[in-house]
There are 2 protein chains.
Amino acid sequence: MDPIGFEHHDHKSCIRTGLTAVDTYCVDHALQFTPVRRRVLEILLQQHRAMGAYDILDFLRAEELGSQPPVVYRALDFLVRHGFAHKIERLNAFIACAHVGHDHTPAFLICRSCDAVAETHTDPAHGILGQTAADNGFVIEQTVVEVLGLCPSCHSEGKE
Amino acid sequence: MDPIGFEHHDHKSCIRTGLTAVDTYCVDHALQFTPVRRRVLEILLQQHRAMGAYDILDFLRAEELGSQPPVVYRALDFLVRHGFAHKIERLNAFIACAHVGHDHTPAFLICRSCDAVAETHTDPAHGILGQTAADNGFVIEQTVVEVLGLCPSCHSEGKE
DNA sequence: TGATAGCTGTTACTTTATAACATATCAACC
DNA sequence: GGTTGATATGTTATAAAGTAACAGCTATCA
């Protein structure tokens with residue numbers, strides 16, 4: 001499970017693979033992967049970047065697939081709830097999950113210069129943080145890890 | 001540096017200590033710790049919880065210390081920029097720093113049941129995440145770590 | 001003494017997100 | 001086959017969070 005986001009790749013196959021994985025998962029788990037939900041995920045996969053809910057809504061509007069905020073927020077809620085997409089809290093934005101089907105705690109590397117986002121993973125239960133939580137009787141359920149900095153290409157261009 | 005937030009403590013002294021530490025830091029670093037900025041920090045210390053900007057603004061309004069959003073957002077920006085307060089992205093809220101003066105990467109334990117927030121710290125540069133960033137040439141500048149779950153007292157009360 | 005830099009006050013606005021209710025779809029069950 | 005319940009969508013309206021832009025104030029200092 002390498003981080004996905006900064007390197008070049010076969011993007012068409014990455015969209016296809018992502019949708020197929022979710023199709024399969026939804027069939028297996030009796031989830032309704034409806035047209036709106038599918039299209040929102042497809043937009044996220046196609047754009048391959050963190051998108052605001054209203055950015056996504058613009059796409060839906062253009063194709064008459066729902067035009068009001070609750071439509072896109074509900075679809076995003078479904079996708080996030082089932083791990084098909086993630087919310088980047090720091091950006092108030094959403095991104096397709098790069099590791100559908102793998103149980104993982106996502107972590108994001110966010111470039112502050114070009115806004116590229118790469119998904120990787122982490123293991124909060126171990127290390128100093130997990131130890132602190134355990135010592136204090138705190139029960140970890142979900143972990144948000146978002147790293148800000150400079151991606152390889154912005155860094156090599158000497159961006160400040 | 002123990003996590004601060006869930007256990008009982010001498011709260012008055014904690015407010016006093018926090019303000020004094022920032023007073024000193026600002027004198028040493030030629031920062032202007034103005035009345036509005038001081039009062040916002042004091043409110044955060046007194047309330048000892050994550051507060052939305054508009055919650056803080058309500059306090060300021062009541063004492064005629066500025067009544068419009070930019071006033072509180074600017075004060076918060078100052079406090080966050082210098083590490084006297086932190087933003088909890090997940091809650092769109094702010095909290096006084098519990099470790100002023102110590103150079104640290106804050107991490108927060110957030111109870112989803114009672115909204116209590118405890119500040120602890122982490123070390124993102126080490127572990128799997130730091131390794132991944134290094135391997136990919138990503139330069140880490142800032143890290144957001146927010147853990148959601150159940151605090152000891154909500155957990156022991158059997159909250160779901 | 002006027003020029004600069006930084007802080008505050010205010011208006012107006014943008015962006016992000018949700019409550020509430022009506023309508024539609026579909027499968028399970030009698 | 002009609003009823004019911006659960007789930008999804010459509011829509012209006014509004015709440016909550018955050019910012020741009022500009023005017024005015026204060027202190028410092030060349």
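Nothing here was measured: the structure is a model prediction, and the numbers come from that model. Letters A, B, ... mirror the listed sequences (proteins, then strands); counts begin at 1.
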With a 4.0 Å limit, can you tell me whether Tyr54(A) has a side-chain N or O closer than that to the phosphate oxygens OP1/OP2 of dT16(C)? no
note: Leu76(B), atom CG; dA17(D), atom P; distance rounded to Å ~ 12 Å
Give a yes/no on whether any side-chain N or O of Asn92(B) is located under 4.0 angstrom from OP1 or OP2 of dG18(D). yes
Protein-nucleotide distance (Leu60(B), atom CG; dT8(C), atom P), rounded to Å: 11 Å
Measure NE2/His82(B) against P/dG6(C) and give the value in whole Å, please. 11 Å
Choosing from dA17(C), dG9(C), dG10(D), which nucleotide comes nearest the side chain of Val71(A)? dG10(D)
Check the angle between the aromatic planes of Phe78(A) and Phe33(A) and answer parallel, tilted or perpendicular using the 30° and 60° thresholds. parallel
Non-hydrogen side-chain atoms of Leu150(B) and Arg112(B) separated by less than 4.5 Å: yes
For the student: nearest non-hydrogen atoms of Ala50(A) and Val117(A), plus distance: CB-CG2, 4.0 Å
Whole Å only: how far is the CE atom of Met51(A) from the P atom of dT16(C)? 12 Å
Which residue lies more 5' along DNA chain D, comparing Leu91(B) with Pro69(A) via nearest heavy atoms: Pro69(A)
Does any pair with a residue in residues 17-32 of chain B pass side-chain hydrogen bond (donor to acceptor under 3.5 Å, both in side chains), and if so which ones, sequence neighbours excluded? Asp23(B)-Arg38(B)
Whole-Å gap separating C1' (dA15(D)) and CG (Leu57(B)): 15 Å
What heavy-atom pair brings Cys111(B) and Cys154(B) nearest, and what distance separates the two atoms? SG-SG, 3.7 Å
So, does Lys87(B) get its side chain near the phosphate of dG18(D), meaning an N or O under 4.0 Å from OP1 or OP2? yes
DNA chain C nearest-nucleotide lookup for Ala93(A) and Phe78(B): closer to the 5′ end is Phe78(B)
Could you give the CG-to-P distance, from Asp77(B) to dC7(C), as a whole number of Å? 10 Å
Validation: residues 61-70 of chain A side-chain donor-acceptor distances under 3.5 Å, sequence neighbours left out:
{"from": "Arg61(A)", "atom 1": "NE", "to": "Ser67(A)", "atom 2": "O", "distance (Å)": "2.9"}
{"from": "Arg61(A)", "atom 1": "NH2", "to": "Ser67(A)", "atom 2": "O", "distance (Å)": "2.7"}
{"from": "Glu63(A)", "atom 1": "OE1", "to": "Arg39(A)", "atom 2": "NH2", "distance (Å)": "3.1"}
{"from": "Glu63(A)", "atom 1": "OE2", "to": "Arg39(A)", "atom 2": "NE", "distance (Å)": "2.5"}

Would you say that Ile88(A) contacts Glu146(A) through its side chain, given a criterion of any heavy-atom pair below 4.5 Å between the two side chains? yes
Do the two ring centres, one from His86(B) and one from His104(B), sit under 6.0 Å apart? yes
Please report the distance, rounded to the nearest Å, between CD1 in Ile56(A) and P in dA17(C). 10 Å
State, to 0.1 Å, how close Val36(B) and Ala75(B) come at their nearest heavy-atom pair, and which atoms those are. CG1-CB, 4.2 Å
Tell me, please, which residues at least two apart from Asp58(A) pass side chain to side chain donor-acceptor pair (under 3.5 Å). none
For DNA chain D, which residues in residues 31-47 of chain B have a heavy atom at a distance below 4.0 Å? none
Please report how far the helix from dT1(C)-dA30(D) to dC30(C)-dG1(D) bends, comparing the axis fitted to its first five pairs with the axis fitted to its last five, to the nearest 10 degrees. 10°
Please encode protein proximity along nucleotides 20-30 of chain D as a string of B, S and -, counting only heavy-atom distances under 4.0 Å. BB---------
Any non-hydrogen side-chain atom of Arg74(A) less than 4.5 Å from a side-chain atom of Leu76(A)? no
Does a side-chain heavy-atom distance below 4.5 Å link Leu41(A) with Val22(A)? yes
Could you state the atom-to-atom distance from CD of Glu64(A) to P of dT9(D) in whole Å? 17 Å
